[in-house]
Amino acid sequence: MANLNPSLLLFLSLNLLHLFHTVFARGGERDSGFVDITYAASGRHLSEESHFQKLNKLAHGYMTNSDLEKAIKAFHGRCGRISRIYSIGKSVLGVPLWVLEISNNPGKEEAKPAFKFIGNVHGDEPVGRELLLLLSNWLCDNYMKDPLATLIVDNVHLHILPTMNPDGFSLRKRGNANNIDLNRDFPDQFFPMNDDLNERQPETKAIMRWLKEIHFTASASLHGGALVANYPWDGTDDRSKSYFACPDDETFKYMAKLYSGSHFNMSQSSEFEEGITNGAQWYPIYGGMQDWNYIFADCFELTLEISDNKWPPANELRMIWQHNKRSMLHLVASIVKSGVHGRIFSSDCGEPLPATVAIKDINYTIKASERLADYHRLLAPGQQYEVIATMAGYKTRTTTITMKEEAVTLDFILEPDTHFLPNQCSSKSKSKSKSKSSLKISELLPKSQLEVSLTLVVVLGFLFFLMKRKAIINHFKLRKSQQQRRVSAV
Ligand SMILES: *[C@@H]1O[C@H](CO)[C@@H](O)[C@H](O)[C@H]1NC(C)=O
Ligand SMILES: *[C@@H]1O[C@H](CO)[C@@H](O)[C@H](O)[C@H]1NC(C)=O
Ligand SMILES: [Zn+2]
């Protein structure tokens, strides 16, 4: 595919456009949820071509894919102290899917929540990719100056994928280069529609791999064509168009309202009450990214429609950024400022336990992180909750909390269930060294190797001490980010 002549590709894709009616925001046909085939028969070739030319004109002032890559690298060059960049894979046409991570400890595994923004899921909805670069630069410029910027950089690992669909962007169309709508390409909870791994698009696979590596607490994908904050479920079990609440309906409404209420005028919508909507009530979709995040990745994702006009003239981008800025910042900050957070340890050896955290009467669980055992559970404020920590081999513990406007910190110390597993401490450390944990490196290395490593650490430390000059440090940073790029994430 990568060797195809671009104009041939363009010709092919314009023809393929016949098959799909692709002008709506989040979904296919807004009313039925299905592709309207009648459009295909009505001689749309010319109108598609002029549609393409129209978008091509509108693209003036937007970053091309290579401009975007340069902007991402320039951002990292300017703000390397609080960022790193890495790629999670490549598009069909081989464009790297760059992510920039913003944090005061980028790339380090810490007991902090992670948030992700994904822009340009649909190729012809390019506002998000521009806004995400504006957001990144704003955070860099305001770190240590603005309290919200500082809170985010210091307490969140914010990962930003400005474009998930660079090919669709350059082809000025919704789907990727294979003409697949990426927001229909994820496994679905109700219908076995995308279960063939070989059929799944590289962009989708990259996202799915990414979510296995990084444990995100919440996220948002940015779309255009409407002005509304959309929350799960996106689909219904019977394909009906009706409100379909997920177990965390209250929390999602809270998050969606936080976004719309902080926006310039999203909450004043005449179409959507308070500027928010349940996805299935608006129009059901299947194979969407949002529901998949919640079901399979412990991640609370919103789908944000941030401008009525999918492809507004570039001179409106600054205004749209201003309209969304507070919302974006508040949404990211909400994973620190609300919900219940803590770590889970065993009472005998004090080691972190990747336990399961549940809330009574909410049929949903999240897992504490594998190595540090921190958990971050978003919850709507104004209620009492019973928080339950469960781990095989330990006694379950339950604590009641009152969730007001602030976040609650709650650590758990779990006692071994002695009937279940005697001699907990030693058997635990053995199973640890079998896993890839590098926490107790001394247990993994024979003594002589350990001494060699220690010497190496001392020598390296001394070298670092000597190499104070910026150029050398930059060189090392570059090498470090290249190494990290290969493994893709923490
Ligand atoms: C929000 O403001 C924009 C820009 O002024 C306008 O185009 C849009 O119609 C407004 N939307 C609502 C829901 O008020
Ligand atoms: C909880 O959710 C699962 C699916 O995640 C479902 O199979 C189960 O029936 C639900 N349980 C209750 C009590 O609703
Ligand atoms: Zn969209």
Side-chain angles (χ1 to χ4, degrees), residues 20-30 33 117-129 131 163-165 168-169 172-176 180-190 203 220-230 232-235 237 244-249 259-277 279 282-283 285 287-292 294-298 301-313 315-327 356 358-366:
F20 298 93
H21 178 58
T22 55
V23 288
F24 292 110
R26 180 183 56 115
E29 240 290 47
R30 190 179 287 190
F117 271 121
I118 299 184
N120 201 201
V121 179
H122 292 133
D124 60 350
E125 295 165 18
V127 173
R129 54 192 258 150
L131 259 50
T163 177
M164 175 178 166
N165 187 3
F169 173 81
R172 316 280 184 246
K173 64 178 181 136
R174 180 183 180 83
N176 70 351
I180 301 295
D181 184 335
L182 299 175
N183 202 29
R184 305 292 183 281
D185 197 40
F186 286 83
D188 191 84
Q189 63 172 326
F190 300 122
E203 296 89 350
S221 72
L222 304 179
H223 293 254
L227 195 65
V228 67
N230 177 104
W233 298 122
D234 261 346
D237 53 359
F244 206 58
C246 76
D248 278 294
D249 197 51
Y259 197 88
S260 70
S262 311
H263 186 275
F264 173 67
N265 64 0
M266 189 181 276
S267 62
Q268 288 152 34
S269 168
S270 50
E271 189 181 357
F272 303 101
E273 204 182 327
E274 296 189 75
I276 68 171
T277 189
W282 187 17
Y283 58 93
I285 69 163
M289 182 164 70
Q290 170 185 273
D291 288 2
W292 187 82
Y294 179 62
I295 298 167
F296 296 100
D298 278 9
E301 177 156 291
L302 298 179
T303 305
L304 302 170
E305 304 283 353
I306 54 171
S307 65
D308 283 318
N309 190 349
K310 280 190 179 199
W311 205 311
N315 63 12
E316 289 179 20
L317 288 169
R318 286 264 157 194
M319 178 190 76
I320 299 174
W321 155 239
Q322 287 303 328
H323 290 179
N324 284 278
K325 177 177 148 187
R326 263 165 42 84
S327 305
T356 297
I359 306 291
K360 187 165 179 274
D361 298 328
I362 299 181
N363 185 15
Y364 185 78
T365 59
I366 59 163

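Counting starts at 1 for both ligands and their atoms, in listed order. Throughout, numbering of the chain's residues begins at 1 and tracks the sequence.
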Mind reading off the angle at the Zn ion (ligand 3) between the ND1 atom of His122 and the ND1 atom of His223, rounded to 10°?
100°

May I ask you to check whether Glu305 brings an N, O or S atom to under 2.8 Å from the Zn ion (ligand 3)?
no

Which atom, counting only N, O or S, brings Glu125 closest to the Zn ion (ligand 3)?
OE1

Pairwise distance CD(Gln290) to OG(Ser221) - rounded to 0.5 angstrom:
7.0 Å

Quick check: does any side chain N or O of Asp291 sit under 3.5 Å from a backbone N or O of Asp234, one acting as donor and the other as acceptor?
yes

Compare every heavy atom of Asp124 with every heavy atom of Arg174, then report the nearest pair and how far apart it is.
CA-OD1, 3.5 Å

Which residue holds the protein heavy atom closest to atom 8 (C) of ligand 1, what is that atom called, and what is the gap in Å?
Asn265 ND2, 3.8 Å

Once the angle between the rings of Phe244 and Phe190 is folded into 0 to 90°, is it parallel (under 30°), tilted (30 to 60°) or perpendicular (over 60°)?
perpendicular

Closest approach of any protein heavy atom to atom 11 (N) of ligand 2, naming residue and atom:
Asn363 ND2, 2.8 Å

Taking the six-membered ring of Phe169 as reference, does the cationic atom of Arg172 (NZ for Lys, CZ for Arg) lie under 6.0 Å from its centre and within 45° of its axis?
yes

Considering only protein heavy atoms, determine whether one is less than 4.0 Å from atom 2 (O) of ligand 1.
yes

dist Gln322:CD -> Met319:CE (nearest 0.5 Å) comes out at 10.5 Å

Classify the side-chain pair Asn165/His122 by whether it contains a donor and acceptor separated by less than 3.5 Å.
no

Is there a polar contact between ligand 1 and Asp308, counting only N or O atoms under 3.5 Å apart?
no

Please list the nearest protein heavy atom to atom 5 (O) of ligand 1 with its residue and the distance rounded to 0.1 Å.
Phe264 CE2, 4.2 Å

Heavy-atom nearest neighbour in the protein, as seen from atom 4 (C) of ligand 1, with distance rounded to 0.1 Å:
His323 CE1, 4.0 Å

